[in-house]
Novice: 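Okay, here's the structure, questions in a sec.
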Amino acid sequence: MLHYNESKVEKGQAKFLGARGYLSQDKELDFQKKLMRFQEIIEANTRTKTNALHISLNFSPRDKMDETLLWKIAEDYMKGIGFGEQPYLVYRHFDAAHPHIHLVTTNIRENGQRIETHNLGRIQSEKARKDIEQRYGLVKAEEQQRKRVNLLQPLDKAEYGKTETKAAISNIVGEVVRHYKFTSLAELNAILRQFNVTAYRGEEDSKMYQKKGLIYCISDADGNRKGVPIKASSIYSKPTYKKLEKKFELNRTARKPYRGQLQSTVSHALTRSSSLEDLQVELRKKGVHLTVRKNEEGRIYGITFTDHIHRCVFNGSSLGKEFSANSIQKALMVKSTNETQAEKQQSREIRSLSPSTGSQTSGYEPTPYELSQKKKKKKRKKKHL
């Protein structure tokens, strides 16, 4: 947790606001002093495996926040959840379009007693959050959900050999798992591969697969893995497969409100497309990424839609039968055939309207029919005279 926040500070994406519960409250505390304070306390209870807490407090883009206010809110929040006497560090992050702070602390007391964190988020945190919103006149979380804002800035893609592997993967995986609604590993990979990262369980007959192990690698857009893989359990947010399975179930419900709107977006884009490439371009204009999956022979066997506006992912068939890979391809093929036939018909009509260059008549008369008839009558009259 410390490495994550300190690396953000080094990159200029965060600022250390201060510490509470340290002998020195100096903002210039170095990494080792920050770490040692926690280690001293944690050593009093070696039986507890989960001995640290990483909390993120997020605010509306409409909230005007300065460092003094953020520090007061951090203090009030920690008191509200029962951690007011614990040592903690406060960081302000600038890597998103909305104000937010990160808090690093331990759930082990000075005497070695463990602080119960079960239901902490659902009970104490919710109460503290509502009290703080009321006290400081902040935009309420419920209102933010009704008036959804595209909060995240685009993530930087991981580049093999150019970015530090574990830091790049941790940042991308952490943001995606936290903010996107996906219901399978394939849907998760549809997002991750847009940032050159792939989650991999191993072959089905491997021990890693059978034990529900998971690794993350830097990859290309097709999912070809590069470099040394990172174990899911070694990433600070612990995005293991077992943890993801719980997310899959929760996300099935969480993404439902956005299904209808995405269906309309795709349907409209289809009316303006004659190929998958056209469809990808049209959807990109609406903030939707279309992932096309092909087998080794190059045959398309699946498609996935990533809605970056509402942070949700749908496999084609789960969006609706008419949005499966086969249905989409058939619809585009029919549209392309109809357009080709229409073009041929139009071409025939244009040729039939072209002026004749030989003795054959084309049926085209540059002079209106009525005027040509008058001219012919005049000629016959002259001959008679």
Side-chain angles (χ1 to χ4, degrees), residues 97 145-157 175-176 179-184 186-197 220-223 251-252 254-295 297-354:
Q145 291 171 1
R146 288 195 297 270
K147 296 180 179 179
R148 191 171 183 86
V149 182
N150 192 15
L151 296 178
L152 288 180
Q153 294 177 338
L155 287 168
D156 292 328
K157 290 185 178 182
E175 290 293 302
V176 168
H179 294 285
Y180 281 80
K181 293 170 278 293
F182 47 86
T183 64
S184 68
E187 289 180 355
L188 172 60
N189 272 327
I191 319 168
L192 291 179
R193 285 174 186 168
Q194 295 174 49
F195 305 105
N196 295 344
V197 174
D220 59 25
D222 297 320
N251 288 340
R252 290 184 207 284
R255 73 178 184 177
K256 279 183 180 179
Y258 311 106
R259 186 169 178 263
Q261 187 171 339
L262 183 56
Q263 287 175 329
S264 299
T265 299
V266 177
S267 296
H268 183 261
L270 272 170
T271 64
R272 303 170 65 89
S273 307
S274 301
S275 66
L276 279 173
E277 290 75 17
D278 289 347
L279 184 59
Q280 285 175 318
V281 172
E282 289 298 323
L283 287 174
R284 197 177 300 128
K285 295 175 184 177
K286 301 296 182 181
V288 177
H289 183 275
L290 173 62
T291 301
V292 179
R293 299 191 298 281
K294 299 180 181 179
N295 60 18
E297 290 76 34
R299 187 175 65 84
I300 296 171
Y301 67 88
I303 56 176
T304 304
F305 301 95
T306 304
D307 181 349
H308 286 295
I309 304 299
H310 300 103
R311 312 293 181 190
C312 57
V313 192
F314 285 88
N315 188 40
S317 55
S318 64
L319 187 62
K321 290 182 180 179
E322 65 271 37
F323 302 105
S324 67
N326 286 336
S327 297
I328 291 286
Q329 288 183 92
K330 286 179 182 178
L332 291 172
M333 192 178 297
V334 169
K335 193 168 187 296
S336 179
T337 301
N338 290 340
E339 287 182 355
T340 301
Q341 290 175 348
E343 287 173 1
K344 287 181 179 179
Q345 178 63 28
Q346 187 179 17
S347 179
R348 285 195 294 269
E349 290 174 357
I350 290 173
R351 285 199 300 272
S352 71
L353 293 174
S354 299

Novice: Run Tyr180 and His308 through side chain to side chain contact (heavy atoms under 4.5 Å, CB included) and show every step you take.
Specialist: CA-CA 8 Å; Tyr180 281 80; His308 286 295; 2.7 Å; yes
Novice: Taking all atoms of both residues into account, what is the closest heavy-atom pair of Ile328 and Ile303, and its distance?
Specialist: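 Closest approach of Ile328 to Ile303, heavy atoms only: CG1-CD1, 3.6 Å.
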Novice: Hey, does the side chain of Arg259 reach the backbone of Leu319 with a donor-acceptor pair shorter than 3.5 angstrom?
Specialist: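 Side chain of Arg259 to backbone of Leu319, a donor-acceptor pair under 3.5 Å: yes, one is there.
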Novice: Between Asn251 (side chain) and Phe182 (backbone), is there a donor-acceptor pair under 3.5 Å?
Specialist: yes
Novice: Evaluate the criterion side chain to side chain contact (heavy atoms under 4.5 Å, CB included) for residue pair Thr291 and Arg193; output intermediate values, then yes/no.
Specialist: CA-CA 9 Å; Thr291 301; Arg193 285 174 186 168; over 6 Å; no
Novice: What I'd like to find out is whether the side chain of Val176 reaches to under 4.5 Å of the side chain of Phe195, using heavy atoms alone.
Specialist: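 Yes, at least one pair of side-chain atoms sits under 4.5 Å.
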Novice: Testing Gln194, Arg311, Glu187 for side-chain contact (heavy atoms from CB on, under 4.5 Å) with Thr306, which one passes?
Specialist: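 For Thr306, the side-chain contact (heavy atoms from CB on, under 4.5 Å) check succeeds only for Gln194.
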Novice: CZ of Arg252: more than 12 outside heavy atoms within 6.0 angstrom?
Specialist: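 Counting other residues, nucleotides and ligands, CZ of Arg252 exceeds 12 neighbours.
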Novice: Specify the closest pair of heavy atoms between Val197 and Asn189, including all atoms of both residues, with the distance to one decimal.
Specialist: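 Here Val197 and Asn189 meet closest at O-OD1, 4.5 Å.
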Novice: Check the orientation of Tyr258 and His310. Use parallel for under 30°, tilted for 30 to 60°, and perpendicular for over 60°.
Specialist: parallel
Novice: Report the residues that fulfil side-chain hydrogen bond (donor to acceptor under 3.5 Å, both in side chains) with Lys285, sequence neighbours left out, ordered by chain and then residue number.
Specialist: Glu282
Novice: For residues Leu290 and Phe305, determine if any side-chain heavy atom of one lies less than 4.5 Å from a side-chain heavy atom of the other.
Specialist: yes
Novice: Are Ile300 and Leu276 close enough, and set up right, to give a side chain to side chain contact (heavy atoms under 4.5 Å, CB included), and what steps lead you there?
Specialist: CA-CA 11 Å; Ile300 296 171; Leu276 279 173; 3.2 Å; yes
Novice: What's the shortest heavy-atom distance between Ser273 and Leu332, and which atoms?
Specialist: O-CD2, 3.7 Å
Novice: Mind checking the CZ-NE2 spacing from Arg284 to His289? Nearest 0.5 Å is all I need.
Specialist: 6.5 Å
Novice: Just checking, is any N or O donor in the side chain of Asn315 or Ser317 under 3.5 Å from an acceptor N or O on the other one?
Specialist: yes
Novice: Do side-chain atoms of Ser327 reach the backbone of Phe323 as a donor and acceptor pair under 3.5 angstrom?
Specialist: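 It does not hold such a pair.
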Novice: Sub-3.5 Å donor-acceptor pair from the side chain of Ser318 to the main-chain atoms of Phe314, do we have one?
Specialist: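 Not a single qualifying donor-acceptor pair exists.
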Novice: Find the distance between CD1 (Ile309) and CD (Gln261) and round it off to the nearest 0.5 Å.
Specialist: 9.5 Å
Novice: When rounded to the nearest 0.5 angstrom, what distance separates NZ in Lys321 from CG in Asn326?
Specialist: 13.0 Å
Novice: Which heavy atom in Leu279 sits nearest to a heavy atom in Leu270, and how many Å separate them?
Specialist: CD1-N, 3.9 Å
